[in-house]
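Structure record follows, encoded as structure tokens.
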Amino acid sequence: MTAASTIKPGDALPPLVIESVSPDAMRDWSVFLADPNPIHLDVEVVKAKGLGDKRINQGPINVAYMMNMLMAAFPGCRIESMDSRFLDNVYEGDRAVASGEVTAVEGNRVSCDLKLDVDGRGTVNAGTATIII
């Protein structure tokens, strides 16, 4: 995307595609987040809890996918505010797509709707953000 003067409500943001959610990244993020929850690390625990048969991605990683999509769409921008809601889990091996749409432009502030979709299951995280460009 370019300067605020060329951005308008309804503009689609270029999607960010994660071809395969990595269990190695989950392990690394468990350390960064100080999150030892075994559902991110051990398939047997996920099965025992009745949550499926694949490790479950951490929520902050899913939000980071949407943040990275914003930063790629608006290089050099600053995220002023962001919220999101978790609608479903993201599992190892899932193909995830972060995308968004401009909803308002006021000066150098751009508001967007965001979502993270997983192939075959639809939207797993949705939210809004305001960025300063």
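- For R95, the side-chain contact (heavy atoms from CB on, under 4.5 Å) partners two or more places apart in sequence, or in a different chain, are V17, E19, V97, D119.
- The side-chain contact (heavy atoms from CB on, under 4.5 Å) check on D94 picks up V21, V90, Y91, V118, R121, with sequence neighbours excluded.
- Following chains of ILVMFWY side-chain contacts shorter than 4.5 Å, one can reach I131 starting from V105, so the two form part of one hydrophobic cluster.
- For K49, there are no salt bridge (Lys or Arg N to Asp or Glu O under 4.0 Å) partners at least two apart in sequence or on another chain.
- Residues meeting the side-chain contact (heavy atoms from CB on, under 4.5 Å) test with P60, sequence neighbours left out: W29, L33, Q58.
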Which donor-acceptor pairs under 3.5 Å do the side chains of residues 76-84 make with protein atoms, sequence neighbours left out?
from: E80; atom 1: OE1; to: R109; atom 2: NE; distance (Å): 2.9
from: E80; atom 1: OE2; to: R109; atom 2: NE; distance (Å): 3.0
from: E80; atom 1: OE2; to: R109; atom 2: NH2; distance (Å): 2.6
from: D83; atom 1: OD1; to: T128; atom 2: N; distance (Å): 3.3
from: D83; atom 1: OD1; to: T128; atom 2: OG1; distance (Å): 3.2
from: D83; atom 1: OD2; to: T128; atom 2: OG1; distance (Å): 3.1
from: S84; atom 1: OG; to: N125; atom 2: OD1; distance (Å): 3.4

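- Residue M67 is grouped with residue F32 when hydrophobic side chains (ILVMFWY) are merged at heavy-atom distances under 4.5 angstrom, including chains of intermediate members.
- Side chains of N89 and N57: a donor-acceptor N/O pair is absent below 3.5 angstrom, by distance only.
- With sequence neighbours excluded, the residues that form a side-chain hydrogen bond (donor to acceptor under 3.5 Å, both in side chains) with S111 are T130.
- Both I133 and V102 are members of a single hydrophobic cluster when ILVMFWY side chains are connected at heavy-atom separations under 4.5 Å.
- Remark: E106 pairs with no residue by the salt bridge (Lys or Arg N to Asp or Glu O under 4.0 Å) rule, at least two apart or across chains.
- In this structure, R55 and I39 have side chains that are not in contact, with every pair of non-hydrogen atoms separated by 4.5 Å or more.
- Considering all non-hydrogen atoms of both residues, L114 and M66 come closest at CB-SD, 3.9 Å.
- Residues F74 and V110 meet the side-chain proximity criterion, which asks for heavy atoms closer than 4.5 Å.
- Not counting sequence neighbours, D53 has no partner by the salt bridge (Lys or Arg N to Asp or Glu O under 4.0 Å) test.
- Hydrophobic cluster of L87: no remaining members, since no ILVMFWY side chain lies below 4.5 Å from it.
- Checked against salt bridge (Lys or Arg N to Asp or Glu O under 4.0 Å), K115 has the following partners two or more places apart in sequence or in another chain: D117.
- Nearest heavy-atom pair across G93 and S20 is CA-OG, 3.4 Å.
- Minimum heavy-atom separation, E92 to P23: OE1-CG, 3.7 Å.
- No donor-acceptor distance shorter than 3.5 angstrom exists from the side chain of N68 to the backbone of Y65, with no hydrogens or angles considered.
- Closest heavy-atom contact between P9 and T103: CB-O, 3.7 Å.
- The distance from atom CD1 of I18 to atom CG of L116, rounded to the nearest 0.5 Å, is 6.5 Å.
- Looking only at side-chain heavy atoms (C-beta outward), L41 and S30 come within less than 4.5 Å of each other.
- For D35, the side-chain hydrogen bond (donor to acceptor under 3.5 Å, both in side chains) partners at least two apart in sequence or on another chain are H40.
- For residues 25-34, the set of pairs meeting the salt bridge (charged side-chain N to carboxylate O under 4.0 Å, His left out) definition, not counting sequence neighbours, comprises D24-R27.
- Both V63 and I61 are members of a single hydrophobic cluster when ILVMFWY side chains are connected at heavy-atom separations under 4.5 Å.
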Could you walk me through whether S99 and L13 satisfy the side-chain contact (heavy atoms from CB on, under 4.5 Å) test, starting with their C-alpha distance in whole Å, then the side-chain angles of each, then the deciding distance to 0.1 Å, before giving a yes or no? CA-CA 6 Å; S99 62; L13 305 182; over 6 Å; no
